[in-house]
Amino acid sequence: RVILIENDENRGFAAANNPGIMRSRGRYVLLLNSDTLVLDRSLGKTLGFADEHPRAAVVGCKVLNPDLTLQPTCFMFPSLLNMVLFSTYLYRVFPKSRFFGREQMTWWDRSDVREVDVVTGCFMLVRREAIEKVGMMDEQFFMYAEETDWCYRFRKAGWRTLFFPGAQIVHLGGASAASLGSERAVTIDRSCLRYYQKHWSPLAVFVARLLMALFYVLRLPAVLALS
C-alpha cells in the first residue's frame, strides 16, 4: 500500500513533496519529516480536529525537542517590522513580550487552539480541497519559506491555518540544515528574498534588502573577532 517515489537529485523541499501530493488521493495530505516521532495517536487526533474545522486549510500540532521541551513551530508572516525585531535579538531578552517576540510568538506556550499565520513543514496536515483551490507548493523555493508562502496563499484565498495542541510529535531536527553547511545562511536569505519579491511591493523589497545587509554588517566585527 506504499508508493515510493525516488528522486535522482535534491531539488528541494517543495519539489520533493509535490509529486507525492499529486499522486495521493485522500481528503488530506500530511507533510511529516522523516526525523520525527508521532506520539499517542496524534495523526488520528489531528484528523478529527481538522474535520471539525472545515475552513482550516492547514493544521499544525505541538512539536517537541528530543528532551521534550517545546520546539516553536508557529510564526507570523514576514514583515519589515518583524525583520527589525528579529535582527535585534530582543525577543531573546524579552521572550514574554508580545511586541518583541511577535515574529516567533515567543510569548505563547502553545497550550491552546489558535489561528496562526504559519506552521512549519515538519508536520502540516493540509486539506486537499484547499490545495485544489490554491495550488501546490512553489518549487522556486529550495528550502525555507515555502510553507510560509503556501500558508499566505491559503490565507489570501480565505482559508485558515490552525494550531492544535492536542496532538504531539518529537522532531529531532537539523539533518537537512546541517547538510547545507556554510550554504545554509545563503539558502535562507535566497528563500526570504524570493518570498519578499513574490508578495511585497518593490519599495518594501528594497528596504528588506537594506535590512538584510545591515544585519550582516553589524555582526561582522564579532565574526572577525572570533575567526
Side-chain angles (χ1 to χ4, degrees), residues 13 33 35-37 58 60-124 141 143-149 151-152 161-165 168-196 199-200 204-205 207-227:
F13 184 81
N33 277 19
D35 58 345
T36 56
L37 303 173
V58 179
C61 74
K62 181 177 285 189
V63 180
L64 306 174
N65 294 307
D67 63 359
L68 301 186
T69 57
L70 181 67
Q71 186 175 122
T73 53
C74 299
F75 306 98
M76 292 185 68
F77 290 127
S79 68
L80 292 176
L81 174 59
N82 287 343
M83 285 186 69
V84 172
L85 294 176
F86 179 79
S87 299
T88 63
Y89 288 135
L90 288 175
Y91 68 93
R92 295 184 178 179
V93 180
F94 305 105
K96 300 301 182 182
S97 169
R98 286 177 177 255
F99 180 71
F100 292 116
R102 54 182 269 132
E103 193 267 343
Q104 297 200 33
M105 306 180 76
T106 55
W107 49 269
W108 176 36
D109 64 2
R110 273 65 171 177
S111 63
D112 59 301
V113 172
R114 189 179 296 263
E115 183 169 2
V116 297
D117 286 348
V118 182
V119 297
T120 55
C122 66
F123 184 105
M124 291 180 76
F141 294 95
M143 186 183 297
Y144 303 109
E146 60 279 288
E147 68 265 67
T148 303
D149 170 73
C151 288
Y152 184 74
T161 295
L162 297 181
F163 173 82
F164 173 54
Q168 299 183 7
I169 65 168
V170 174
H171 182 211
L172 304 179
S176 297
S179 67
L180 295 174
S182 60
E183 291 295 313
R184 182 187 179 192
V186 176
T187 301
I188 294 174
D189 288 346
R190 185 180 293 120
S191 294
C192 289
L193 283 172
R194 163 72 181 168
Y195 179 91
Y196 305 153
H199 299 295
W200 292 5
V205 173
V207 175
R209 287 180 178 272
L210 292 179
L211 290 173
M212 292 178 73
L214 181 62
F215 175 86
Y216 287 109
V217 167
L218 293 178
R219 282 151 183 78
L220 184 58
V223 172
L224 294 176
L226 294 173
S227 61

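These numbers come from the heavy atoms of this one structure, side chains and all, not from hydrogens, waters or symmetry mates.
Contacts of Pro165 classified as side chain to side chain contact (heavy atoms under 4.5 Å, CB included), with partners at least two apart in sequence or in another chain: Lys62, Val113, Phe163. Take Phe94 and apply the ring pair (Phe, Tyr, Trp, His ring centres under 6.0 Å) test, not counting sequence neighbours, and it matches Phe100. For Phe13, there are no ring pair (Phe, Tyr, Trp, His ring centres under 6.0 Å) partners, not counting sequence neighbours. Considering only residues two or more places apart in sequence or on other chains, Trp200 meets the side chain to side chain contact (heavy atoms under 4.5 Å, CB included) condition with Pro78, Leu80, Met83, Tyr195, Tyr196, Ala204, Val205, Ala208. By the salt bridge (Lys or Arg N to Asp or Glu O under 4.0 Å) test, Arg114 pairs with Asp112, sequence neighbours left out. With sequence neighbours excluded, the residues that form a ring pair (Phe, Tyr, Trp, His ring centres under 6.0 Å) with Phe164 are Phe49. By the side-chain hydrogen bond (donor to acceptor under 3.5 Å, both in side chains) test, Arg110 pairs with no residue at all, sequence neighbours left out. For Ser111, the side-chain hydrogen bond (donor to acceptor under 3.5 Å, both in side chains) test picks out Asp109, with sequence neighbours left out. Residues that satisfy the side chain to side chain contact (heavy atoms under 4.5 Å, CB included) test with Leu81, not counting sequence neighbours, are Ser79, Leu85, Phe99, Arg102. In terms of the side chain to side chain contact (heavy atoms under 4.5 Å, CB included) criterion, residue partners of Arg190 (sequence neighbours excluded) are, by chain and number, Val186. Evaluation of the salt bridge (Lys or Arg N to Asp or Glu O under 4.0 Å) rule for Asp117 yields Arg155 as partners, not counting sequence neighbours. Every side-chain hydrogen bond (donor to acceptor under 3.5 Å, both in side chains) that Gln71 has, sequence neighbours left out, goes to Asn65, His171.
Atom OG1 in Thr148 sits 13.5 Å away from atom CZ in Arg194 (nearest 0.5 Å). Distance check: Met105 CE to Arg98 CZ gives 8.5 Å after rounding to the nearest 0.5 Å. Atom CD of Glu146 and atom OG1 of Thr120 lie 10.5 Å apart (nearest 0.5 Å). The CD1 atom of Ile169 sits 8.0 Å away from atom CG of Leu64, with the distance rounded to the nearest 0.5 Å. Between Arg209 atom CZ and Leu214 atom CG the span is 15.5 Å, to the nearest 0.5 Å.
Closest heavy-atom contact between Val119 and Glu147: O-CG, 3.6 Å. Of all the heavy atoms in Cys151 and Val58, the pair that sits closest is SG-CG2, 4.4 Å. In terms of heavy atoms, Thr106 sits closest to Ser97 at OG1-O, 4.5 Å. For Tyr216 against Ala185, the heavy-atom pair with the smallest separation is OH-CB, 3.9 Å. When all heavy atoms of Phe86 and Tyr91 are compared, the pair lying nearest together is CE1-OH, 3.5 Å.
Distance alone, capped at 3.5 Å, places no donor-acceptor pair between the Glu103 side chain and the Asn82 backbone. A donor-acceptor distance shorter than 3.5 angstrom exists from the side chain of Ser191 to the backbone of Met143, with no hydrogens or angles considered.
Between Phe141 and Asp149, the closest side-chain pair of non-hydrogen atoms falls below 4.5 Å.
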